[in-house]
Amino acid sequence: MHNNKIVNNKFLVSIITIVLNDEQNIKQTIESVLAQDYDLIEYIIIDGASKDGTLDIIQKYNDRIDVFVSERDYGIYDAINKGLLRANGVLIGLIHSGDYYEPDAVSCAVNAFIKTNADVIYGNIRFIEDWQITRALKGNHKSLKNQMSIFHPSTFVSRLCYQKYGLYDTKYKLAADYDFFLKIFLEGVK
């Protein structure tokens with residue numbers, strides 16, 4: 001068990017990657033987490049029992065992954081919940097296979113968390129295809145009543161928030177993240 005206290009503006013951050021049969025993209029995702037300029041990261045990978053070469057790629061990074069589970073799950077939110085139940089960090093980020101972080105993503109989230117004392121930290125995302133930005137979206141929690149307006153790959157949530165409000169509701173196949181973020185927004189979570 002890791003220490004959950006903030007010492008000299010440093011604390012453990014858990015990063016969770018979920019994956020199923022994505023040998024084409026998992027390496028980029030893993031390397032973006034391992035290349036972060038913030039050094040107190042607990043990296044958790046939850047694989048849904050991949051049948052392609054995904055597991056072989058993950059095994060190459062075995063010594064730098066803190067928790068690795070490969071077993072059948074019941075969808076992405078079940079997989080995310082498995083990771084959340086294993087996370088020890090003060091702050092938790094979700095970066096799915098195929099997505100990646102900029103090298104300072106975690107340190108920016110940590111700095112914002114300390115500065116604002118908010119339970120949810122989020123940023124903007126860019127979509128890149130063929131090495132070109134095809135579109136960029138700005139997060140805006142004030143629009144959550146109308147639409148999913150913050151994005152998983154650029155959102156970090158305090159572990160205390162998950163402990164207080166629960167995990168993702170697996171009855172939703174596509175919108176459990178929206179359900180969770182709307183619920184905590186309506187509860188007044190900062």
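For the pair K82 and E71, the salt-bridge criterion is met [side-chain N within less than 4.0 Å of a carboxylate O].
E23 contributes no side-chain N or O that, together with a main-chain N or O of L55, makes up a donor-acceptor pair within less than 3.5 Å. Panel note: side chain S32, backbone Y100; no donor-acceptor pair is recorded below 3.5 Å. In this structure, the side chain of S14 engages the main chain of G89 through a donor-acceptor pair within 3.5 Å. With hydrogens and angles ignored, the 3.5 Å screen pairs a side-chain donor or acceptor of T29 with a backbone N or O of D99. With hydrogens and angles disregarded, a donor-acceptor distance shorter than 3.5 Å links the side chain of R64 to the backbone of L34. A donor-acceptor pair under 3.5 Å is formed between the side chain of E42 and the backbone N or O of N88. In terms of modelled atom types and a separation under 3.5 Å, the side chain of N21 and the main chain of D52 share a donor-acceptor contact.
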Can I58 and I26 be said to form a side-chain contact (heavy atoms from CB on, under 4.5 Å), step by step? CA-CA 8 Å; I58 294 169; I26 188 64; 4.1 Å; yes
Before you tell me yes or no, could you show the steps for L40 and V13 under side-chain contact (heavy atoms from CB on, under 4.5 Å), namely the whole-Å CA-CA distance, both residues' side-chain angles and the distance that decides it to 0.1 Å? CA-CA 6 Å; L40 286 175; V13 176; over 6 Å; no
Please test Y101 against I15 for side-chain contact (heavy atoms from CB on, under 4.5 Å), starting from the C-alpha separation and ending with a verdict. CA-CA 11 Å; Y101 286 140; I15 303 296; 3.8 Å; yes
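A heavy-atom distance below 4.5 Å is not found between the side chains of H96 and I16. Side chains of V19 and I45 form a contact here, defined as non-hydrogen atoms less than 4.5 Å apart. Using a 4.5 Å heavy-atom cutoff, the side chains of T170 and N81 are in contact.
Side chains of Y162 and Y168: a donor-acceptor N/O pair is present below 3.5 angstrom, by distance only. Counted by atom type alone, D104 and S107 present zero donor-acceptor pairs between their side chains at under 3.5 Å. For the residue pair D22 and T54, no side-chain donor N or O sits within less than 3.5 Å of a side-chain acceptor on the partner.
Closest approach of N124 and S154 over heavy atoms only: O-CB, 3.7 Å. Minimum interatomic distance between S70 and D47 (heavy atoms only, all atoms of both residues): OG-OD2, 2.6 Å. Taking each heavy atom of L91 and S158 in turn, the nearest pair found is CD1-N, 3.8 Å. For the residue pair A79 and D73, the shortest heavy atom distance occurs at CB-OD2, 3.6 Å. Nearest approach of I46 to R86, heavy atoms of both residues: CD1-CD, 4.4 Å.
Taking the centre of each ring, Y43 and Y61 stay at or above the 6.0 Å mark. For F11 and F113, the ring centers sit closer than 6.0 Å to each other.
The CZ atom of R72 sits 9.5 Å away from atom CG of D78, with the distance rounded to the nearest 0.5 Å. Here the CG-CD1 distance, from D66 to I41, works out to 9.5 Å after rounding to the nearest 0.5 Å. Here the CD1-CD1 distance, from I80 to I18, works out to 4.5 Å after rounding to the nearest 0.5 Å. In this structure, the separation between CD1 on I57 and CD1 on I30 is 7.5 Å, given to the nearest 0.5 Å. Rounding to the nearest 0.5 Å gives a distance of 9.0 Å between CG of L160 and CD1 of I92. To the nearest 0.5 angstrom, R159 atom CZ is 16.0 Å from K164 atom NZ.
Connection of L85 to Y74 is not established within any shared hydrophobic cluster, with ILVMFWY side chains joined at heavy-atom distances below 4.5 Å, either directly or through further cluster members. When the side chains of ILVMFWY residues are joined at heavy-atom separations under 4.5 Å, either directly or via intervening members, I76 and Y172 end up in two distinct hydrophobic clusters. Grouping the Ile, Leu, Val, Met, Phe, Trp and Tyr side chains by contacts below 4.5 angstrom, directly or via other members, places Y38 with I121. Y122 and F180 fall within the same hydrophobic cluster, where Ile, Leu, Val, Met, Phe, Trp and Tyr residues are linked whenever their side-chain heavy atoms come under 4.5 Å apart, directly or through other members.
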List, one per line, each side-chain donor-acceptor pair under 3.5 Å for residues 181-190, sequence neighbours excluded.
unit_1 : atom_1 : unit_2 : atom_2 : d
K183   : NZ     : Y165   : O      : 3.0
K190   : NZ     : T116   : O      : 2.5

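Geometrically, K171 does not engage Y77 in a cation-pi contact defined by less than 6.0 Å to the ring centre and at most 45° from the axis.
Open room surrounds CG on L174; 12 or fewer heavy atoms of other groups in view lie less than 6.0 Å from it.
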